[in-house]
Amino acid sequence: MNSVTKQMPTGELTLKVDEARFPLNWLIGFAARANAKRGFLFLSKVLGKHWPVTPRAMDMIHSDLAGQIPPSLPGVVVFIAMAETAVGLGQGVFEAFLRDNPERRALFLHSSRYRVGAVPFFEFEESHSHAPRQFLHLSEQAAALFAQARSLVLVDDEASTGNTFVNLADVCRARNPNIERIHLAVITNFMGAAANAGLTPRFGLPTTVGATLSGHYSFAAGAAPAPAAAPAQRFDADAERGASAAFGRIGIERALAAPQRLAARLAKDIGEGETVLVLGTGEFMHPAFLLARELEALGKRALVQSTTRSPILSWGSVGHILTCADNYGEGIANYLYNVAPGQYQHVFICHETPLCEALTQLADQLDGRLFHFQSETQIEEIPVRRP
């Protein structure tokens, strides 16, 4: 058992690792959060959110977690990924599962903190988050398949208490009482051995968990509490935020098509040895990963990352912090961690929302290019005027 203790600005964190399928330092770093409820963060280095990562490494995690899903899960399997951090992870695990099990029928959707037009939705709460309300949308076709499901695979980057998973499972079972099995897929499982052993009675159904690293932790808050960050959710039911229905937010039964033509065009302008950052925005993550993976397949040095609404302090695994405006229009501060302007020769910013001042400013900050993904096949580069 490996043990790590970190003295943070917000307190003392002690982590004990029981089992690891990959090296600890390759999987995660440590950071301090501006959150009075939880002043620490296990910062994933393989998620593509707070740390730049190669598509190859992300693929390894997707395949590993998909391979841990019990083959005995009955019937239609519904995969649900948690917004915003695990949206790309969940879609990657879902697509790896389909690749390994082409005969199985499955549905993927991810939660969102935005409403999508008039698409029916239900919601649950992520209590420790700065943005606790989570919405799940189902198109008419997806709702019909959801009603046939017998298994749930719930995906997040980390499990610590399991409370959010329980909240999510409860609302899913209320909508479909015929669910028979639950599987939790996480990069890091810090619930501890006793909690893992008690999952089935806690969820009320046979429940398993798969992780790349398992252990448990304790955190002693410091005398000075974590600095309070502004709320990261200002929900307005009537506001149109530009959240797309085309990429998994309202349910999808297949893998997304990779943007091969776009990658081939962009690759022509990338010189030997030049570095590329493919940047997702907020909840829009998986298409950025697919573009980066195509560039990597063409021999380019591509990394993936995304902007986030999560406030993290400059300490530990968080070096440079770039503050950027919110392209979804809620007026909430967004951030990009561990990326400095000029660090990459090429920055390709992928977004689902229409062009706005926030996107233009982000492109200016990074000397990047904007790509509006209106659908899998309709991707428009938005010219950025620079002096």
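We're numbering straight along the sequence, starting at 1. Scope of the values below: all heavy atoms of this structure, side chains included, with no hydrogens, waters or symmetry mates.
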Would [X] and [Y] count as having a side-chain donor-acceptor pair, cut-off 3.5 Å?
{"X": "Q365", "Y": "Q361", "value": "no"}
{"X": "H372", "Y": "E352", "value": "no"}
{"X": "K16", "Y": "S3", "value": "no"}

Show, in sequence, the C-alpha distance, side-chain angles and deciding distance for F42 and Y217, and conclude whether the ring pair (Phe, Tyr, Trp, His ring centres under 6.0 Å) test is met.
CA-CA 11 Å; F42 297 108; Y217 70 88; 5.4 Å; yes

Could I get the full list of side-chain hydrogen bond (donor to acceptor under 3.5 Å, both in side chains) partners for E253, not counting sequence neighbours?
R105, Q141

pair [X]-[Y]: side-chain heavy atoms closer than 4.5 Å:
{"X": "F289", "Y": "D59", "answer": "yes"}
{"X": "I179", "Y": "R150", "answer": "no"}
{"X": "Y337", "Y": "T308", "answer": "yes"}
{"X": "T54", "Y": "L303", "answer": "yes"}
{"X": "F108", "Y": "V78", "answer": "no"}
{"X": "F190", "Y": "L15", "answer": "yes"}
{"X": "T14", "Y": "V4", "answer": "no"}
{"X": "S63", "Y": "R99", "answer": "yes"}

Given N327, which of L355, L370, L359 fulfils the side-chain contact (heavy atoms from CB on, under 4.5 Å) condition?
L359

Name the one of L279, L366, V276, V339 that satisfies side-chain contact (heavy atoms from CB on, under 4.5 Å) with Y344?
V339

Does [X] use its side chain to pair, donor to acceptor, with the backbone of [Y] at less than 3.5 Å?
{"X": "Q68", "Y": "A211", "answer": "yes"}
{"X": "N196", "Y": "G192", "answer": "yes"}
{"X": "E12", "Y": "Q7", "answer": "no"}
{"X": "N176", "Y": "A149", "answer": "yes"}
{"X": "R173", "Y": "F203", "answer": "yes"}
{"X": "T307", "Y": "G282", "answer": "yes"}
{"X": "N338", "Y": "P52", "answer": "no"}
{"X": "D156", "Y": "L154", "answer": "no"}

What are the two closest heavy atoms between [X] and [Y], and how far apart are they?
{"X": "P70", "Y": "H183", "result": "CD-ND1, 3.4 Å"}
{"X": "A358", "Y": "A325", "result": "CB-CB, 3.5 Å"}
{"X": "A86", "Y": "A81", "result": "O-CB, 3.4 Å"}
{"X": "M285", "Y": "L47", "result": "CE-O, 4.2 Å"}
{"X": "A292", "Y": "V278", "result": "CB-CG2, 3.7 Å"}
{"X": "S151", "Y": "P74", "result": "OG-O, 2.7 Å"}

Looking at [Y] and [X], is there a salt bridge between them, counting it only when a charged N and a carboxylate O are closer than 4.0 Å?
{"X": "R56", "Y": "E296", "answer": "yes"}
{"X": "D326", "Y": "R309", "answer": "no"}
{"X": "R113", "Y": "E330", "answer": "no"}

[X] pairs by side-chain hydrogen bond (donor to acceptor under 3.5 Å, both in side chains) with which of [options]?
{"X": "S112", "options": "E84, R249, R241", "answer": "R249"}
{"X": "E95", "options": "H286, R254, H62", "answer": "H286"}
{"X": "E274", "options": "Q345, H346, K300", "answer": "H346"}

In this structure, is the centre-to-centre distance between the rings of F284 and F247 below 6.0 Å?
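Centroid separation for F247 and F284: below 6.0 Å.
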
Distance from [X] atom [atom1] to [Y] atom [atom2], nearest 0.5 Å?
{"X": "T212", "Y": "N189", "atom1": "OG1", "atom2": "CG", "result": "9.5 Å"}
{"X": "L184", "Y": "L199", "atom1": "CG", "atom2": "CG", "result": "6.0 Å"}
{"X": "I187", "Y": "L89", "atom1": "CD1", "atom2": "CG", "result": "4.5 Å"}
{"X": "I182", "Y": "T208", "atom1": "CD1", "atom2": "OG1", "result": "9.5 Å"}
{"X": "L336", "Y": "S306", "atom1": "CG", "atom2": "OG", "result": "8.5 Å"}
{"X": "L43", "Y": "S317", "atom1": "CG", "atom2": "OG", "result": "5.5 Å"}

Under 4.5 Å between side-chain heavy atoms, hopping through other hydrophobics if needed: is there a path connecting [X] to [Y]?
{"X": "V17", "Y": "F219", "result": "yes"}
{"X": "I250", "Y": "L136", "result": "no"}
{"X": "V171", "Y": "L145", "result": "yes"}
{"X": "V46", "Y": "L290", "result": "yes"}
{"X": "F94", "Y": "V87", "result": "no"}

Under the criterion side chain to side chain contact (heavy atoms under 4.5 Å, CB included), I'd like the reasoning laid out for H50 against K45: C-alpha separation, chi angles, the key distance, then a yes or no.
CA-CA 7 Å; H50 309 112; K45 295 180 178 180; over 6 Å; no

Which class fits the ring pair F121 and F135: parallel under 30°, tilted 30 to 60°, perpendicular over 60°?
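Perpendicular, since the angle between the ring planes exceeds 60°.
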
Name the orientation class of the two ring planes belonging to F97 and F79 (parallel below 30°, tilted from 30 to 60°, perpendicular beyond 60°).
tilted

Go through the steps to decide whether T360 and C356 satisfy the test side chain to side chain contact (heavy atoms under 4.5 Å, CB included), and finish with yes or no.
CA-CA 6 Å; T360 301; C356 60; over 6 Å; no

Worked verdict on R104 versus V76 for side chain to side chain contact (heavy atoms under 4.5 Å, CB included)
CA-CA 7 Å; R104 295 297 301 267; V76 173; over 6 Å; no

With side chain to side chain contact (heavy atoms under 4.5 Å, CB included) as the test, would you mind laying out the steps for M8 and W315 before giving the verdict?
CA-CA 8 Å; M8 299 181 167; W315 178 87; 3.5 Å; yes

Under the criterion side chain to side chain donor-acceptor pair (under 3.5 Å), I'd like the reasoning laid out for H351 against T281: C-alpha separation, chi angles, the key distance, then a yes or no.
CA-CA 6 Å; H351 56 98; T281 43; over 6 Å; no

